[in-house]
Amino acid sequence: MNSNLMVNMQDVIKRYGDFTALDHLNLNIVEGEVLGLLGPNGAGKSTAIKTLCGLIDANGGTVEVFGKPQSVTNLEIRRHIGLVTQEITVFSDLSAIENLRYFGGLYGLKGAELNANVAEMLDFVGLADRAKKRPKTFSGGMQRRLNIACALVHKPKLVIMDEPTVGIDPQSRNHILESTKKLAQKGTTIIYTSHYMEEVQAICSRISIMDAGRVIADGTIDQLMGSITYEDRVNLTAAHASDQLTEELKAIAGVKSVNVSGNQYLIVSGAGSSNVNRIMEVAHRNGGVTSFSEDKPNLEDVFLTLTGKKLRDDEV
């Protein structure tokens, strides 16, 4: 086994009655990785996280963290895991510093080490000037930042961030993303779940996509995007739209359709057609172009292709 393997989940099964939440799940995470764990609602992500953290036991398979078997009785492993919950789990009637001292104490911190870690975390999440304020007076974004600080105060080896930016303002979202990048730069291993593809693309070194209780795709963003068949789409604005231009574009080998609206052209070719140069040659022969762009596949396209679902239910 890889000596740098932080998480090793092999053929993990978890059932709730007749419902199988994890169906022979295989998930490995190497030290220092930032893994994006994606999946539609009901894919099994939350169950996988709870099993990984030792909050619930699996019904079958292997679950190892830091090279040791994980279970609900293994408190030592949990001392080195930081779980940033989707729900805000701070105490509203305690000040920010009191919350951090409480959670640090749960992990056995005390004295100078506790004081130093609390001060470092307040600064890390940008709440040093709010240390003595109660979170019930904070904005939603500030509460989420405190939530993160409470999960990090004991300086865990493995951090699991479950939807850490849900329902917050752009400024706080950016702060959380930058903080996550800093954690990764320090070598912290991170599992990051989100319904925001742009976040995953910005911070994750590898992505695992779950559906129906198992991982259905795994790799870097480029590897995943290269795994799907995606039509080549070119948008151009012609200097002079004409029937001649339209017909010549349609005649290019591999072109499936040409949609015209005024001077705007959308040319759709089969995957891998590599028609960009030919399209530009035709356009320049017919008066030139004033603007040009290609639609590249993104992580949302990969997700939709593999699962048949959009990651965010509210997308239209």
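No experiment lies behind these values; they were computed from the predicted model shown. Heads up: numbering here begins at 1 and tracks the sequence.
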(message) Check E294 with R233, please: is the shortest side-chain N to carboxylate O separation under 4.0 Å?
(response)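 Looking at E294 together with R233, the answer is no, because their closest N to O distance does not fall below 4.0 Å.
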(request) Measure up the Y107 and H154 rings against each other and bin them: parallel (under 30°), tilted (30 to 60°), perpendicular (over 60°). (result)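 Y107 vs H154 ring planes: parallel.
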Just by modelled atom types, is the [Y] backbone N or O under 3.5 Å from a matching donor or acceptor in the [X] side chain?
X    : Y    : result
T20  : D23  : no
N99  : S95  : yes
E281 : R278 : no
D57  : S71  : no

(message) For the residue pair K157 and F66, would you count it as a cation-pi contact if the rule is NZ or CZ under 6.0 angstrom from the ring centre and within 45 degrees of the ring axis?
(response)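 Pair K157/F66 counts as cation-pi.
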(request) Scan N8, V65, T189 and name whichever one has a side-chain contact (heavy atoms from CB on, under 4.5 Å) with I29. (result)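 So the option named by the test is T189.
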Side-chain donor-acceptor pairs under 3.5 Å in residues 80-89, sequence neighbours left out?
residue : atom : partner : partner atom : Å
H80     : NE2  : E76     : OE2          : 3.3
T85     : OG1  : E87     : O            : 2.5
T85     : OG1  : T89     : OG1          : 3.3
T89     : OG1  : N147    : OD1          : 3.1

(request) Hey, could you give me each pair passing salt bridge (Lys or Arg N to Asp or Glu O under 4.0 Å) that has a residue in residues 167-195? Not counting sequence neighbours. (result)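 Only R173-E199, E178-K181 qualify under salt bridge (Lys or Arg N to Asp or Glu O under 4.0 Å).
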Cut-off 3.5 Å, no hydrogens considered: what does the side-chain donor-acceptor table look like for residues 264-274, sequence neighbours left out?
residue : atom : partner : partner atom : Å
Q264    : OE1  : T237    : OG1          : 3.0
Q264    : NE2  : T237    : OG1          : 3.2
Y265    : OH   : S242    : N            : 3.3
Y265    : OH   : S242    : O            : 3.3
Y265    : OH   : T246    : OG1          : 3.3
S269    : OG   : N275    : ND2          : 3.0
S273    : OG   : G270    : N            : 3.3
S273    : OG   : G270    : O            : 2.6

(request) List in chain and number order the residues that pass side chain to side chain donor-acceptor pair (under 3.5 Å) with D93, two or more places apart in sequence or in another chain; answer none if no residue qualifies. (result)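 Per chain and number, D93 pairs via side chain to side chain donor-acceptor pair (under 3.5 Å) with K136.
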(request) Please go through L75's hydrophobic cluster and name the other residues, only I, L, V, M, F, W, Y counting, with side-chain heavy atoms under 4.5 Å joining them. (result)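 Noted: L75 shares its cluster with no other residue.
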(request) Hydrophobic side-chain clustering at under 4.5 Å (ILVMFWY, transitive links): who's grouped with F19? Put none if nobody. (result)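 Its cluster partners, ordered by chain and number, are Y16, I56.
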